[in-house]
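Okay, structure first, notes after.
Here is the naming used below: chain letters follow the sequence lines, and residue numbers restart at 1 for every chain.
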2 protein chains.
Amino acid sequence: MKGTEALTTIFREQGLRVTPQRQAIFRLLEGDVSHPTVESLFDRARADMPTISLKTVYQTVHDLEALGEVRVLDLGTGSVRVDPNVEDEHHHLLCTTCGRVRDLPVEFDGLIVPIRYRRDFTIDDVQVIFRGHCEHCFDRT
Amino acid sequence: MKGTEALTTIFREQGLRVTPQRQAIFRLLEGDVSHPTVESLFDRARADMPTISLKTVYQTVHDLEALGEVRVLDLGTGSVRVDPNVEDEHHHLLCTTCGRVRDLPVEFDGLIVPIRYRRDFTIDDVQVIFRGHCEHCFDRT
DNA sequence: TTGCTTGTTGACAACTCTTGTTGTTAGTAT
DNA sequence: ATACTAACAACAAGAGTTGTCAACAAGCAA
Ligand SMILES: [Mn+2]
Ligand SMILES: [Mn+2]
Ligand SMILES: [Zn+2]
Ligand SMILES: [Zn+2]
């Protein structure tokens, strides 16, 4: 995801308006590697801006997604996660106990579908989710 | 997933009762490669058994899952899919237009997380979702 | 600066999928 | 056959997300 200034320019170019609410969300997402839920972004935004609505956060996240500035992930945890890292192709490690998500750079080859299974099927995207337990939840299971 | 007779035995051994509703669901799932939603199972069950409730279908699916007889998949399509194929390890091709799901046998190696990224993280399971378009939706995009 | 146009906001309702509650029915072991 | 109790159908409720809409304010032009 680009910085707040660049995003301001991009939004205006698209005819979208840059409000204090959106700038607050830009700032929250910049450099966030935690893959936050929309609800958690909402909670953090509310600290500074008590009247902001959940709908506004969803809206801004979707606008960012449409511009390719964030990716919205569904990792099967019940709510979607916002991933501002669209620069590096990567997959994810998910702790099934606490829900923490960690990036996993794509270093493995072999993720290729054999031709005979690809017949009559065009592939646009691959999502890999490794489920397990993070360091904090390792002993507690 | 095992056959209806075997499931009957297993359920009784576990103190679970085998009702006509459950047997109907057993029969619907046996050999079904379509990865049906719970709702679609419900609709098909209702054809023969008009008073069956959606809750009962969910309940039975969850019981089957607890016994390891089916897998419940969340492929990000909004509702979970029931997969009676627990015998063969495989991943999935998902058509993002019509929602069709196709099995993809695991033939690729290399799906291994480099040691340095596995540090402090134990991995229990890997899910791979290939998204694209099936033969029916290929031209229409 | 001022005013206009139009996208955005916040409050609230609605929606989808899934689970909880409850009184009743019926499967199972004896 | 009887007693025990799991499972049932019906319905309400929960979580997450989206729709509606009047009031508002960002951006732009003059
Ligand atoms: Mn990520
Ligand atoms: Mn499958
Ligand atoms: Zn954890
Ligand atoms: Zn299709």
Side-chain angles (χ1 to χ4, degrees), chain A residues 4-5 7-26 28 35-43 45-67 70-82 99 101, chain B residues 4-5 7-26 28 35-43 45-67 70-82 99 101:
Chain A
T4 304
E5 338 69 51
L7 289 176
T8 298
T9 306
I10 293 171
F11 267 58
R12 293 209 176 127
E13 280 172 1
Q14 300 294 320
L16 302 173
R17 295 181 179 172
V18 180
T19 62
Q21 290 88 343
R22 298 191 153 188
Q23 288 175 318
I25 296 167
F26 294 168
L28 285 176
H35 303 79
T37 63
V38 175
E39 186 93 27
S40 79
L41 282 174
F42 174 54
D43 288 338
R46 228 178 349 180
D48 281 338
M49 198 174 272
T51 70
I52 193 173
S53 77
L54 181 58
K55 182 74 194 296
T56 296
V57 184
Y58 272 108
Q59 188 132 273
T60 303
V61 166
H62 285 149
D63 287 338
L64 285 166
E65 185 188 26
L67 295 172
V70 303
R71 204 156 283 161
V72 176
L73 307 174
D74 184 348
L75 303 177
T77 53
S79 42
V80 297
R81 308 296 193 109
V82 185
V101 178
Chain B
T4 304
E5 338 70 51
L7 289 176
T8 298
T9 306
I10 294 171
F11 266 58
R12 293 210 176 121
E13 282 172 0
Q14 301 294 319
L16 301 172
R17 294 176 180 174
V18 180
T19 62
Q21 291 88 342
R22 297 191 152 182
Q23 289 175 318
I25 296 167
F26 295 168
L28 286 175
H35 304 80
T37 63
V38 176
E39 186 92 27
S40 79
L41 283 174
F42 174 55
D43 287 339
R46 230 180 343 183
D48 281 339
M49 198 174 272
T51 70
I52 192 172
S53 76
L54 181 58
K55 180 74 192 294
T56 296
V57 184
Y58 272 108
Q59 187 134 271
T60 302
V61 165
H62 285 149
D63 288 338
L64 285 166
E65 183 187 28
L67 295 171
V70 303
R71 204 156 284 159
V72 176
L73 307 174
D74 184 347
L75 302 178
T77 53
S79 43
V80 298
R81 308 296 194 108
V82 185
V101 178

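Considering every non-hydrogen atom in both B/V101 and B/L75, the closest pair reads CG2-CD1, 3.7 Å.
Between the CD1 atom of B/I52 and the P atom of D/dC11 there is a distance of 17 Å, rounded to whole Å. Straight-line distance from the CG atom of A/D74 to the C1' atom of D/dG16: 11 Å, rounded to whole Å. A/D43 places its CG atom 14 Å from the P atom of D/dA15, with the value rounded to the nearest Å. We find that CG of A/L41 is positioned 14 Å from P of D/dG16, with the value rounded to whole Å. If you take CD of A/Q23 and C1' of D/dA25, they are 13 Å apart, rounded to a whole angstrom. Rounded to an integer number of Å, the gap from B/R22 CZ to D/dA9 P is 11 Å. What separates CZ of A/F42 from C1' of D/dA15 is a distance of 15 Å, to the nearest Å. What separates CE of B/M49 from C1' of D/dA7 is a distance of 13 Å, to the nearest Å.
The phosphate of C/dG10 (OP1 or OP2) has a side-chain N or O of A/T56 nearer than 4.0 angstrom. Taking 4.0 angstrom as the limit, A/Q59 places none of its side-chain polar atoms (N or O) nearer than this to OP1 or OP2 of C/dG10. One finds a side-chain N or O of B/T51 lying less than 4.0 angstrom from the OP1 or OP2 phosphate oxygen of D/dA9.
Counting heavy atoms from C-beta on, the side chains of A/V72 and A/V38 never come closer than 4.5 Å. Under the 4.5 Å side-chain criterion, counting only non-hydrogen atoms from C-beta, B/T37 is not in contact with B/F42.
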Run the side-chain contact (heavy atoms from CB on, under 4.5 Å) check on A/T19 and A/T60 step by step: do they pass?
CA-CA 10 Å; A/T19 62; A/T60 303; over 6 Å; no
I would like to know whether A/Q59 and A/R22 meet side-chain contact (heavy atoms from CB on, under 4.5 Å); could you show each step before the answer?
CA-CA 9 Å; A/Q59 188 132 273; A/R22 298 191 153 188; 3.8 Å; yes
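The distance from the OG1 atom of B/T56 to the CE atom of B/M49 is 10.0 Å, given to the nearest 0.5 Å. Separating the CG atom in B/L73 from the CD atom in B/E65 is a distance of 9.0 Å, to the nearest 0.5 Å. For the atom pair B/D43 CG and B/I52 CD1, the distance stands at 11.0 Å (nearest 0.5 Å).
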Name every donor-acceptor pair, under 3.5 Å, that has one atom in a side chain of residues 8-16 of chain A and the other anywhere in the protein, sequence neighbours excluded.
from, atom 1, to, atom 2, distance (Å)
A/T8, OG1, A/T4, O, 2.8
A/T9, OG1, A/E5, O, 3.3

Spell out protein contact along nucleotides 24-30 of chain C as letters: B when the base is contacted, S when just the sugar-phosphate is, - when no protein heavy atom is under 4.0 Å; keep the 5' to 3' order.
--BBS--
Return a single string for nucleotides 12-21 of chain C, one symbol per nucleotide in 5' to 3' order, where B is base contact, S is sugar-phosphate-only contact and - is none, cutoff 4.0 angstrom on heavy atoms.
-----SBBBB
